[in-house]
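Structure first, commentary second.
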Amino acid sequence: MTYQPKSEFVHVMRSRGFLADCTDLASLDEALLAGVVPAYIGFDATAKSLHVGSLIQIMMLRWLQKTGHQPLVLMGGGTTKVGDPSFRADERPLLTPDQIDANIAGIKQVFSNYVEFGDGAKDAKMLNNAEWLDDLNYLDFLRDIGRHFSVNRMLSFESVKSRIDREQSLSFLEFNYMILQAYDFMELNRRYGCRLQMGGSDQWGNIVNGIDLTRRVLEAQIFGLTSPLLTTSDGKKMGKSQDGAVWLNAEMRSPYEFWQFWRNTTDADVGRFLKLYTELPLDECDRLGALEGAEINDAKVTLANAITTMAHGADAARAAADTARDVFEKGGSGDELPTLTLSAADLGDGISAAQLIVRSGLAKSGKDAKRLIQEGGAKVNDAPLTDAGQMFGPDAFGEAIKLSAGKKRHALVKLG
């Protein structure tokens, strides 16, 4: 018989598709009913923003708080210096402390849109594991913590085993990552009463290590819960689009581009994404996800509006929707489109069509731009562009040039 959740949080996790595995679901359910449960998810600071691949974890923290518990957002100021080897083919590039601090500052901007920070029992806290990792004494750590870890067991974890099976190098530095993450869980339990670690299913081995270490050292009962590793219905990894990562920070991915990413969701993913990334009632998610033909496009707009409102605010979502309507329904240019501003010096005697497409971000290279043009996928002011070498001088711009790559990607180019 399938376990029936008693707590609101576990019910939400299961019914909306967040739950992959849990170390002891019944006991966690009882703990959630008994009082406020602090729970954490860790985020390493490898870039100045998180992308939509992390959004499922961010939403888990949001639901945790909405159901009466305390989210702990753990920044990996210490662990980023090592790098998580989970399911990677090679070692992550090592960042300097200044780069890590700058990345953390950028990531912090994201969370204020999803959880409420403060000093109350249910208010979120943002923490940094450098607080306890930076000052560890190596010999003391080996003696007091390292003795609790079996190398044989660590080698059996899929994240490590897959690298070894493929005969890909796994450095001693990376091998220590799972010990440091386990130590994080123990320290969060000791310092903040944290009883639950959540993360993607690729973190299962690291989470179990932390539970085992905390039980051995502190004799405390804590729990782990993982979400599925999410891919789109066509097998693509969440977080990426045709033109790169879909960042959550507006300065790295404009609200319009962010909105457009969700508007372009595959039909088969609409219902599932509504459950994971919005707070619409489940029956409404099912109803919208079941629409077909032209009606599914209305559901995609609902999806894009809801997610963009949460990430960037209602005004940004409304402006993005208005721009999309202007561009796609009325044939206009749209004020919120990504915009490249060229100076007279940039322009010189003129700039080629291929260069414009690259500079605007619609192609990654001149070769890609030329291929786009040759295949008939490029337009200027909604007219087909056929010559990659066509030159655009100052007189060609007027108020702006609208560039298009296919039917869904657009940019404006203006003279400054």
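- A salt bridge is defined here as a Lys NZ or Arg NE, NH1 or NH2 lying under 4.0 Å from an Asp or Glu carboxylate O, and Asp212 with Arg216 meets this definition.
- In terms of heavy atoms, Asp24 sits closest to Phe223 at O-CD2, 4.0 Å.
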Problem set entry | Check against side-chain contact (heavy atoms from CB on, under 4.5 Å), Val73 and Ile41 | CA-CA 6 Å; Val73 181; Ile41 299 178; over 6 Å; no
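- Here the closest heavy-atom approach between residue Gly76 and residue Asp44 is recorded as CA-OD1, 3.5 Å.
- Inter-residue side-chain proximity for Ile222 and Gln197 is flagged as unmet; no heavy-atom pair is nearer than 4.5 Å.
- Salt bridge status for Glu131 with Arg191: present, with a side-chain N to carboxylate O gap under 4.0 Å.
- Gln203 and Gln181 form a side-chain donor-acceptor contact under 3.5 Å, judged by distance and modelled atom types alone.
- Checked by atom type and distance alone, the side chain of Ser49 pairs as donor or acceptor with a backbone atom of Asn249 at under 3.5 Å.
- With rounding to the nearest 0.5 Å, the separation of CG in Leu248 from CZ in Phe111 is 8.5 Å.
- Under the salt bridge (Lys or Arg N to Asp or Glu O under 4.0 Å) criterion, Asp298 pairs with no residue, sequence neighbours left out.
- Side chains of Leu385 and Ile357 form a contact here, defined as non-hydrogen atoms less than 4.5 Å apart.
- Note: Trp262 and Tyr277 have tilted aromatic rings, judged against thresholds of 30 and 60 degrees for the angle between ring planes.
- For the atom pair CG of Leu180 and OG1 of Thr79, the computed distance is 7.5 Å after rounding to the nearest 0.5 Å.
- A donor-acceptor pair under 3.5 Å is absent between the side-chain atoms of Asp123 and the main chain of Phe117, judged by distance alone.
- For the residue pair Asp29/Tyr3, the side-chain donor-acceptor check at 3.5 Å is satisfied.
- Under the 3.5 Å distance criterion, the side-chain polar atoms of Asn189 are left unmatched by any main-chain donor or acceptor of Arg195.
- Heavy atoms only, all atoms of each residue included: Ala369 and Val358 are closest at CB-CG2, 3.9 Å.
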Problem set entry | salt bridge (Lys or Arg N to Asp or Glu O under 4.0 Å) between Lys66 and Glu279, worked out | CA-CA 11 Å; Lys66 285 176 69 71; Glu279 294 172 352; 3.7 Å; yes
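- Proximity of Asn206 to Phe185: side-chain heavy atoms (C-beta onward) are nowhere separated by under 4.5 Å.
- Between Leu282 atom CG and Lys275 atom NZ the span is 6.0 Å, to the nearest 0.5 Å.
- Taking the six-membered ring where the residue is Trp, Tyr256 and Trp259 present parallel rings, their angle staying beneath 30° rather than reaching 60°.
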Problem set entry | Candidate pair Ile104 and Thr80, rule side-chain contact (heavy atoms from CB on, under 4.5 Å), full reasoning | CA-CA 10 Å; Ile104 289 174; Thr80 303; over 6 Å; no
For this session: Let me see the working for Phe43 and Val110 under side-chain contact (heavy atoms from CB on, under 4.5 Å), right down to the final yes or no.
Result: CA-CA 12 Å; Phe43 300 89; Val110 171; over 6 Å; no
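- Between Trp63 and Arg16 the shortest side-chain heavy-atom distance falls below 4.5 Å.
- Checking side-chain atoms of Gln99 against main-chain N and O of Thr96 turns up a donor-acceptor pair under 3.5 Å.
- Within the 3.5 Å criterion, the main-chain N or O of Gly78 finds a donor-acceptor partner in the side chain of Asn129.
- Here the CE atom belonging to Met126 is positioned 11.0 Å from the CG atom belonging to Leu72, to the nearest 0.5 angstrom.
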For this session: Determine, step by step, whether Leu32 and Thr67 satisfy the side-chain contact (heavy atoms from CB on, under 4.5 Å) criterion, reporting the C-alpha distance in whole Å, the side-chain angles of both residues, the deciding distance to 0.1 Å, and the verdict.
Result: CA-CA 9 Å; Leu32 290 160; Thr67 55; over 6 Å; no
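- In this structure the side chain of Phe392 never reaches within 4.5 angstrom of the side chain of Val413, judged on heavy atoms.
- The two atoms that bring Cys285 and Thr278 nearest to each other are SG-OG1, 4.5 Å, heavy atoms only.
- Inter-residue side-chain proximity for Tyr114 and Leu61 is flagged as unmet; no heavy-atom pair is nearer than 4.5 Å.
- In this structure, Lys122 does not pair ionically with Glu116, as no charged nitrogen and carboxylate oxygen lie closer than 4.0 Å.
- Note that CG of Leu225 and CD1 of Ile207 are 8.0 Å apart. Values are rounded to the nearest 0.5 Å.
- Heavy atoms only, all atoms of each residue included: Val270 and Gly289 are closest at CG1-CA, 4.4 Å.
- A donor-acceptor pair is defined here as one N or O able to donate and one able to accept, closer than 3.5 Å; no such pair exists between the side chain of Gln70 and the backbone of Val37.
- Within a 6.0 Å sphere centred on NE2 of His148, heavy atoms belonging to other residues, nucleotides or ligands number more than 12.
- Counting heavy atoms from C-beta outward, Thr308 and Gln260 have side chains that stay 4.5 Å or more apart.
- Of the N and O atoms on the side chains of Asp269 and Thr232, not one donor lies less than 3.5 Å from an acceptor on the other residue.
- Under the 3.5 Å distance criterion, the side-chain polar atoms of Asn128 are matched with a main-chain donor or acceptor of Ala130.
- Note that the CE atom of Met310 and the CE atom of Met59 stand 4.5 Å from one another [nearest 0.5 Å].
- Scanning both residues, Leu280 and Leu288, for their nearest heavy atoms gives CD1-CD1, 4.1 Å.
- Residue Glu292 qualifies as open at atom CD: its count of foreign heavy atoms under 6.0 Å is 12 or below.
- At a cut-off of 3.5 Å, with distance as the only test, no side-chain donor of Gln57 or Ser54 sits close to an acceptor on the other residue.
- Counted within 6.0 Å of NZ on Lys300, heavy atoms from surrounding residues, nucleotides or ligands total more than 12; the atom is thus considered enclosed.
- Here the side chains of Thr23 and Trp204 are in contact, with some heavy-atom distance below 4.5 Å.
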